[in-house]
Amino acid sequence: MKKIGSKIWVEDGFGGKKDGEMTDSLSGNIGKMFDIPLFSSDTDRVLSIIGEKLTSGTKKYWIATVNPEFVMGAEKDKDFKEILTSKTSLNVIDGIGLVWAREVEKGNNWFKVGMEVLRGEHKNQIASGADLILDLAKMAQEKGKKIFLLGGFGNRAEKTADFLRGKFGLEAKQIAWSEGEPNVSNKEVIEKINKFKPDILLVAYGMKKQEFWIGDNLKKLDVGLVMGVGRSFDYYSGELKRAPGWVRKMGMEWLFSLIKEPKRWRRQLALPRFVWKVLVK
């Protein structure tokens, strides 16, 4: 293990996972931020790994899309932190703040890195859950795989399924969904998932809740790849407009969403707290 600077970002050649698989093929691309392992490579490599897992039929491969809110949440909740440090198979960077912190830790000027972020120079280092949904749907169509969408409130999973079918030409037998609890019991959800036997399970219960759900139920599920996707179904169901491309390029979709939904301001306080934590370290 090679330490860079203090204890914000530590390069780890093997990941040191217990239950997950953040080892072997990922060697040399793993770092730890506040003890949370993160895959530190570009999105093309992330998609390559996912494609390999789908092709080989790997079971119960758990991907977490980690942003500063995850990091700060893990600092307060040891059970959540345990999931991210020892249960997930692959933690990818889904937040420009993590890229900024990593570059600052390497000795780069924090303001200079911030300006690079605003110019979109580090966008290829982010694998957002919302974007990965599209990539996974495309892969499913190309490889003849099946997708199950869970959560998202009301009929948003169903609407997202309709959107993905239309955009990528998925057959009806390749995609299924459930809104999940509280309107559908967890027993019914698990039975429906296992009957469908999806190669890809996307869980949209929101940060932490979806990770705890996956952790509690993964052993009961007959699934290939599983990933929590937060509120991403909101975008593809038409409930919430995504930020313009130029905003996403800067990694500022969170700010666009906050402007659209100011009631979320309390959750976004995690970002300035994260920035302060990095600068203090």
Atom pair [atom1] ([X]) and [atom2] ([Y]), whose distance is rounded to the nearest 0.5 Å:
| X | Y | atom1 | atom2 | answer |
| --- | --- | --- | --- | --- |
| Leu136 | Ile200 | CG | CD1 | 4.5 Å |
| Trp62 | Leu90 | CH2 | CG | 12.5 Å |
| Leu225 | Leu201 | CG | CG | 9.0 Å |
| Gln125 | Ile93 | CD | CD1 | 7.0 Å |
| Ile147 | Phe196 | CD1 | CZ | 8.5 Å |

Donor-acceptor pair, distance only, cut-off 3.5 Å: does the side chain of [X] make one with the backbone of [Y]?
| X | Y | answer |
| --- | --- | --- |
| Ser56 | Lys53 | yes |
| Trp100 | Trp110 | yes |
| Ser89 | Tyr61 | no |
| Asp94 | Asn67 | no |
| Asn91 | Leu84 | yes |

Requested in this report: May I have the step-by-step check of side-chain hydrogen bond (donor to acceptor under 3.5 Å, both in side chains) for Glu52 and Thr55, ending in yes or no?
Outcome: CA-CA 5 Å; Glu52 290 167 6; Thr55 299; over 6 Å; no
Query raised in the report: What's the verdict on side chain to side chain contact (heavy atoms under 4.5 Å, CB included) for Glu191 and Lys187, showing C-alpha distance, side-chain angles and the deciding distance?
Result: CA-CA 6 Å; Glu191 288 175 351; Lys187 180 181 178 182; 3.3 Å; yes
Requested in this report: Can you tell me which residue pairs pass the salt bridge (charged side-chain N to carboxylate O under 4.0 Å, His left out) test with a partner in residues 200-209, sequence neighbours excluded?
Outcome: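 Non-adjacent pairs meeting salt bridge (charged side-chain N to carboxylate O under 4.0 Å, His left out): Asp77-Lys208.
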Report task. May I have all residue pairs that pass salt bridge (charged side-chain N to carboxylate O under 4.0 Å, His left out) and include part of residues 137-160, sequence neighbours excluded? Result ->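 Listed once each, the pairs are Arg156-Asp234, Arg156-Glu239, Lys159-Glu239.
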Min side-chain heavy-atom separation [X]-[Y] under 4.5 Å:
| X | Y | value |
| --- | --- | --- |
| Val92 | Leu38 | no |
| Leu202 | Ile133 | yes |
| Val229 | Phe233 | yes |
| Pro198 | Val223 | yes |
| Pro68 | Leu98 | yes |
| Leu164 | Gln141 | no |
| Val226 | Leu221 | no |
| Phe34 | Lys277 | yes |

If every non-hydrogen atom of [X] is compared with every non-hydrogen atom of [Y], which pair is closest and at what distance?
| X | Y | value |
| --- | --- | --- |
| Asp35 | Lys81 | OD2-NZ, 3.5 Å |
| Gly151 | Ala157 | O-CB, 3.4 Å |
| Thr65 | Ala127 | CG2-O, 4.1 Å |
| Ala101 | Phe274 | CB-CZ, 3.7 Å |
| Glu181 | Ser185 | CG-C, 4.2 Å |

Report task. Test Phe168 against Leu134 for side chain to side chain contact (heavy atoms under 4.5 Å, CB included), laying out the working first. Result -> CA-CA 9 Å; Phe168 297 104; Leu134 302 181; 4.0 Å; yes
Report task. Apply the side-chain contact (heavy atoms from CB on, under 4.5 Å) test between Met227 and each candidate in Thr88, Leu132, Ile50; give the one that qualifies. Result ->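 Passing option: Leu132.
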**Report entry** Residue pairs fulfilling side chain to side chain donor-acceptor pair (under 3.5 Å) with at least one residue in residues 217-226, sequence neighbours excluded
**Finding:**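 Sorted result for residues 217-226: Lys59-Asp222, Asn186-Asn217, Asn217-Lys220.
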Report task. Among residues two or more places apart or on two chains, list those pairs meeting side chain to side chain donor-acceptor pair (under 3.5 Å) that have a residue in residues 163-180. Result ->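 Passing the test, one end in residues 163-180: Asp162-Arg165, Glu179-Asn183.
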Query raised in the report: Can you name the salt bridge (charged side-chain N to carboxylate O under 4.0 Å, His left out) partners of Glu116, sequence neighbours left out?
Result: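 Glu116 satisfies salt bridge (charged side-chain N to carboxylate O under 4.0 Å, His left out) with Lys112 once adjacent residues are dropped.
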Query raised in the report: When you check the side-chain N and O atoms of Glu82 and Thr85, is any donor under 3.5 Å from an acceptor?
Result: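 Glu82 vs Thr85: no donor-acceptor pair found between side chains.
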Query raised in the report: Who passes ring-ring contact (aromatic ring centres under 6.0 Å, His included) against Phe148, sequence neighbours left out?
Result: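 Residues passing ring-ring contact (aromatic ring centres under 6.0 Å, His included) with Phe148: none at all.
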Query raised in the report: Yes or no on side chain to side chain contact (heavy atoms under 4.5 Å, CB included) for Lys192 and Lys195, after CA distance, side-chain angles and deciding distance?
Result: CA-CA 5 Å; Lys192 186 172 183 179; Lys195 183 177 180 180; 5.8 Å; no
Query raised in the report: Can you check side chain to side chain contact (heavy atoms under 4.5 Å, CB included) on Glu75 and Phe80, steps first, answer last?
Result: CA-CA 9 Å; Glu75 288 289 289; Phe80 184 47; over 6 Å; no
Report task. Tell me whether Phe153 is reachable from Ile214 by hopping between hydrophobic residues (I, L, V, M, F, W, Y) whose side-chain heavy atoms are closer than 4.5 Å. Result ->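 Not linked; separate clusters.
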